[in-house]
Amino acid sequence: MKKIIMFCLLAVLGFGISNASAQKKNAASLKTTVFVTDIDCEHCAKKINNSIPFEKGVKEVKVDVPTKTVTVTYDAAKTSDATLVKAFKKIKVAAEVAPAKK
């Protein structure tokens with residue numbers, strides 16, 4: 001009986017370590033990009049929030065109407081900046097990658 005309990009305990013520990021390493025690997029491939037857009041109202045922000053989060057690989061979308069920017073966090077292994085620009089184009093929002101701040 002003690003052997004079975006020890007085996008189960010080691011199995012649970014092994015799965016936990018495996019899962020933790022997989023999460024670290026996924027976090028390394030996340031990329032955050034800021035897009036400059038032509039939005040000017042909350043309706044445009046709603047249109048973005050109803051579409052862009054459903055693109056493949058997108059994890060988080062933050063829309064800032066006053067500065068006309070959209071911050072997108074995504075899995076770089078599943079999508080790219082160019083693909084996201086095309087997704088903005090599908091919903092008739094002009095977007096381009098913001099220049100890097102110095």
Treating Ile, Leu, Val, Met, Phe, Trp and Tyr as nodes and any side-chain heavy-atom pair under 4.5 angstrom as an edge, say whether V97 and V61 lie in one connected cluster.
yes

State, yes or no, whether a side-chain contact exists between F35 and T69 at a heavy-atom distance under 4.5 Å.
no

To the nearest 0.5 Å, what is the distance between OG (S51) and NZ (K92)?
11.5 Å

Student check: side-chain heavy atoms of T37 and V63 closer than 4.5 Å:
no

Which pair of heavy atoms, one from Y74 and one from V58, lies closest together, and at what distance?
CB-CA, 3.9 Å

Working to the nearest 0.5 Å, report the span between NZ of K86 and CD of E55.
11.5 Å

Just verifying a value: how many Å separate T79 OG1 and K31 NZ, rounded to the nearest 0.5 Å?
10.0 Å

CG on D81 to CD on E96, rounded to 0.5 Å
12.0 Å

Is it the case that the side chain of K47 and the backbone of I91 share a donor-acceptor pair, with hydrogens and angles ignored and the cut-off at 3.5 Å?
yes

Just how far is it from atom CZ of F88 to atom OG1 of T83, taken to the nearest 0.5 Å?
12.0 Å

With hydrophobic residues grouped by side-chain heavy-atom distances under 4.5 Å, do V36 and I52 end up in a single group?
no

Check for me, please, whether I48 and V65 land in the same ILVMFWY cluster - side-chain distances under 4.5 Å, paths through other members count.
yes

So, taking the atom named CD in E60 and the one named OG1 in T71, what distance separates them when rounded to the nearest 0.5 Å?
8.5 Å

